[in-house]
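Values below: all heavy atoms of this structure, side chains included; hydrogens, waters and symmetry mates excluded. As the structure lists them, so they are numbered: ligands from 1, and atoms in each ligand from 1.
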Amino acid sequence: MKKLQAIKGMNDLLPNESPYWQYLESVVTEVVQTYGYQEIRFPLLETTELFKRSIGEVTDIVEKEMYTFDDRNGESVTLRPEGTASCVRACEQGQLLYNRGTLVQKLWYSGPMFRYERPQKGRLRQFHQIGVEAYGIASADVDAELLILTARLWRVLGLDDAVTLQINSLGTSECRAKYRAALVEYLQARFDQLDDDSKRRMETNPLRILDSKNEQTQALLADAPDLSDYLDDESREHFAQVQAYLTAAEVPFTVNTRLVRGLDYYSRTVFEWVTDKLGAQGTVCAGGRYDSLVSQLGGQPTPAVGFAMGMERLVLLLQELNLFPEDISRTVDVYLVAVGDVIPQAFQLAEYLREEAPYLRLQMNCGGGSFKSQMKKADRSGAEIALILGEDEASKGEITVKYLRTGDAQQTIKQQQITDVIV
Ligand code: ATP
Ligand code: MG
């Protein structure tokens, strides 16, 4: 019989990898929570309409990347390709945005996202993001705060030399429309020299041509009109403030006037944190302001800004640079070897230790076996210490402590003294 396989681009996370994820997730969630962001959880499956109306009909995601199917009642549903749209929907539905008297919401979420893309290093069909969103604040301080938060996160992870920040302002939808017209006019005159993808985008989403990876297209764009010349005064001032705050907070950045991002809902600030250490999949965190999305989805006008980071890419990057804590793959501290008719006493001892040392990772041998085979298991578990309870020790109320990773001599002590050695 043919062996069953996971769906292409949807990976298992085996126990030898999960410590890396647990470490990264705990650092990220700790940092975002120290800035006062609260967790929100929403479903993996939403109505297709939600993503069409928020991300935009003519974006890559909606055109060709969504996992969409009919529910049993005939309604079209989609596995979420990103979190922002769901977050807005959940906030609206939960009346977080204007009915509580506290307009400001600072939220974070974490979990799998689904996009039908060509799987490769750092690009999967089920991938994972941690996202952060702030609602109800129009001023540039919160844009800057989100970037200061991410900069701190990189410092905590040791990644500060490995990532750089690019920022841009897309202005309002009015200035984007004017810029779009100018860009289309410029590119129309050079239409024949564009790559096929960009030709197609001329009609659907011309700003995305700026993002093209095609070299000839990039060369054509060298003299194209610049978005920064089309910004309205307020957007210009807003962007200047973001930059001033970043400078004051000593967060280095470069302004990249070609940065547009692939989703329709952005306005004003957009940004990406990029690394050159992962090949083509170099963006590890991306986001921006989306002041019109809440009203676009039927809510009261509510300014909003947020970002999402790609967890697969961050795990890869931390592994590549050897930045995980040294003992990360050790999951057992103490292995309790119990030989002979001593299991009741072994349980008592194990539970006593768990009581006294709540963070101790203690594995008790289950399944029996000779002294030799249990010691082998103790060694393979990665534990630093083996506690040996044989019938001899048990009858005298003693326990033998053997150090598995150092040359320290083993010792037999009274069970009551065990916390002197372990805790
Ligand atoms: P890219 O340009 O790499 O396709 P994107 O603009 O589509 O990224 P966003 O929708 O902004 O990405 O998502 C934020 C982050 O999530 C990305 O910067 C990346 O780190 C991660 N990400 C996006 N798509 C994938 C994927 N298919 N597999 C793994 N990570 C992804
Ligand atoms: Mg993409």
Quick check on ligand 1: any N or O pairs to the protein under 3.5 Å? One line per pair.
from	atom 1	to	atom 2	distance (Å)
ligand 1	3 (O)	Arg123	NH2	3.0
ligand 1	3 (O)	Arg313	NH1	3.0
ligand 1	3 (O)	Arg313	NH2	3.2
ligand 1	4 (O)	Arg123	NH1	2.9
ligand 1	4 (O)	Arg123	NH2	3.2
ligand 1	6 (O)	Arg261	NH1	3.2
ligand 1	7 (O)	Arg115	NH1	2.9
ligand 1	10 (O)	Arg115	NH1	3.1
ligand 1	10 (O)	Arg115	NH2	2.7
ligand 1	11 (O)	Arg261	NH2	2.3
ligand 1	13 (O)	Gln129	NE2	3.0
ligand 1	16 (O)	Gln129	NE2	3.0
ligand 1	18 (O)	Thr283	O	3.2
ligand 1	20 (O)	Thr283	O	2.8
ligand 1	20 (O)	Gly310	N	3.4
ligand 1	27 (N)	Glu117	OE2	2.7
ligand 1	27 (N)	Leu124	O	2.9
ligand 1	28 (N)	Leu124	N	2.9

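For the pair Arg125 and Phe127, the NZ or CZ position fails the cation-pi test of under 6.0 Å to the six-membered ring centre and within 45 degrees of the ring normal. A cation-pi contact, defined as under 6.0 Å to the ring centre and within 45° of the axis, is absent between Arg176 and Tyr230.
A donor-acceptor contact closer than 3.5 angstrom is absent between the side chains of Trp273 and Thr164. Side chains of Tyr290 and Arg268: no donor on one and acceptor on the other come within 3.5 Å. Counting only N and O atoms by type, the side chains of Gln363 and Ser381 include no donor and acceptor under 3.5 Å apart.
Side-chain atoms of Arg200 do not come within 3.5 Å of backbone N or O of Asp196 as any donor-acceptor pair.
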